[in-house]
Structure formats: C-alpha cells, structure tokens
Asker: 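Supplied in structure tokens, the structure appears directly below.
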Amino acid sequence: MKNAHISWDPKKVGAILKSLRENAGKKMCEVCDELAETGNEITPQSLRRYESGITGNMPASVFLNLCKMYGINNPYDLALSEWAEEPKS
C-alpha cells in the first residue's frame with residue numbers, strides 16, 4: 001500500500017515545519033535519523049525540499065511523524081494552516 005498524501009500550501013506549511021525544527025534546536029540530519037526510527041527514511045535533501053516548499057508531495061506518515069516530533073497535537077490544523085502567522089525569514 002502506498003503512503004497517502006495530503007494537499008496543502010507547501011510553502012507555508014514547509015516554512016512552519018522549518019521554524020518548528022529550528023525552535024526545537026534540531027539539525028536536518030537529526031530529524032532524518034529520528035524519522036528513520038519510525039520507518040520513514042528521507043534524506044536531508046528531501047527534508048530541505050519539503051521545508052522550502054519546493055515539493056508538497058510529502059507522505060502523510062512523514063508529515064504526521066514530524067508533527068509528533070515537534071509537539072503538534074493536531075496535525076490537521078497545521079496542514080490546512082491558518083494555524084500560525086507566517087514565519088519570518
């Protein structure tokens with residue numbers, strides 16, 4: 001069975017995920033290692049593409065595990081996101 005994918009504004013959600021990662025003090029390689037422990041292996045390059053909004057085709061399992069990692073209790077709010085202010089660049 002293929003991973004389900006969810007649709008969102010990839011730039012906005014990616015910027016929020018990047019901000020959450022940085023606020024957690026995690027490097028991309030650390031996040032990728034933690035994701036691998038959940039069975040979701042991605043490269044730092046893939047994570048960079050998700051965070052920059054280059055691709056919004058993130059597997060739902062990766063998105064849900066990132067939310068869990070960053071302490072997001074309701075991933076639905078983040079995915080549809082009027083949830084947060086635009087992160088500052």
Side-chain angles (χ1 to χ4, degrees):
M1 183 168 127
K2 289 188 172 185
N3 276 325
H5 288 80
I6 53 180
S7 183
W8 57 45
D9 177 344
K11 289 189 185 279
K12 186 172 184 181
V13 172
I16 293 168
L17 289 171
K18 180 179 181 181
S19 178
L20 290 168
R21 177 182 56 79
E22 290 173 341
N23 288 339
K26 294 184 183 269
K27 295 181 179 182
M28 287 185 167
C29 59
E30 294 171 319
V31 170
C32 292
D33 288 345
E34 288 182 45
L35 283 171
E37 292 174 11
T38 69
N40 293 283
E41 293 189 28
I42 65 169
T43 65
Q45 293 81 5
S46 292
L47 183 57
R48 185 176 302 110
R49 286 192 297 270
Y50 297 143
E51 289 184 349
S52 66
I54 292 172
T55 182
N57 197 24
M58 182 187 309
S61 59
V62 171
F63 174 73
L64 293 172
N65 278 290
L66 286 173
C67 288
K68 184 176 180 181
M69 214 181 292
Y70 302 148
I72 302 301
N73 295 321
N74 190 349
Y76 182 78
D77 288 344
L78 180 61
L80 296 179
S81 202
E82 295 307 323
W83 174 75
E85 293 180 23
E86 291 290 329
K88 295 178 178 143
S89 300

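Model, not experiment: these values are computed from the prediction.
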Asker: Quick one: are Glu51 and Met28 in side-chain contact, heavy atoms under 4.5 Å?
Answerer: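 With C-beta onward as the side chain, the pair touches.
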Asker: Measure the spacing between OG1 of Thr38 and CG of Leu64 and express it to the nearest 0.5 Å.
Answerer: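 Spacing of OG1 (Thr38) from CG (Leu64) equals 10.0 Å.
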Asker: Are any of the side-chain heavy atoms of Met58 and Ile42 separated by less than 4.5 Å?
Answerer: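 They are not in side-chain contact.
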Asker: Within the distance-only criterion (no hydrogens, no angle test), does the side chain of Asn65 pair as donor or acceptor with the backbone N or O of Ser61 below 3.5 angstrom?
Answerer: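 Confirmed, Asn65 side chain pairs with Ser61 backbone.
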Asker: Please report the interatomic distance NZ(Lys27) to CG(Asp33), rounded to the nearest 0.5 Å.
Answerer: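 With rounding to 0.5 Å, NZ (Lys27) is 12.0 Å from CG (Asp33).
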Asker: Quick one: CD1 on Ile54 to NZ on Lys11, what's the gap to the nearest 0.5 Å?
Answerer: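 Answer for the CD1-NZ pair, Ile54 versus Lys11, is 7.5 Å.
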Asker: Which pair of heavy atoms, one from Glu41 and one from Ala36, lies closest together, and at what distance?
Answerer: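 Taking every non-hydrogen atom into account, CG-CB, 3.8 Å.
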Asker: Is the shortest side-chain heavy-atom distance between Ile16 and Tyr70 below 4.5 Å?
Answerer: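 Side-chain contact under 4.5 Å: no.
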Asker: Do Leu17 and Tyr50 have side chains that get closer than 4.5 Å, going by heavy atoms?
Answerer: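 In short, these two side chains do not touch, never coming nearer than 4.5 Å.
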Asker: For side-chain contact (heavy atoms from CB on, under 4.5 Å), just list the numbers for Cys32 and Leu47, CA-CA rounded to whole Å, side-chain angles, deciding distance to a tenth of an Å, and then say yes or no.
Answerer: CA-CA 8 Å; Cys32 292; Leu47 183 57; 4.2 Å; yes
Asker: Compare every heavy atom of Pro75 with every heavy atom of Cys67, then report the nearest pair and how far apart it is.
Answerer: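 That closest heavy-atom pairing would be SG-CB, 3.8 Å.
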Asker: If you define the side chain from C-beta out and look only at heavy atoms, does anything of Met69 sit under 4.5 Å from Leu35?
Answerer: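 Met69 reaches Leu35 side chain to side chain.
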Asker: With a 4.0 Å cut-off on N to O distance, would you call Glu34 and Lys26 a salt bridge?
Answerer: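 Lys26 and Glu34: salt-bridged.
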Asker: Measure the NZ-OG distance between Lys18 and Ser52 for me, rounded to the nearest 0.5 Å.
Answerer: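 It comes to 8.0 Å.
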Asker: So do the side chains of Val13 and Phe63 get within less than 4.5 Å of each other, counting heavy atoms only?
Answerer: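 Val13 vs Phe63: side chains touch.
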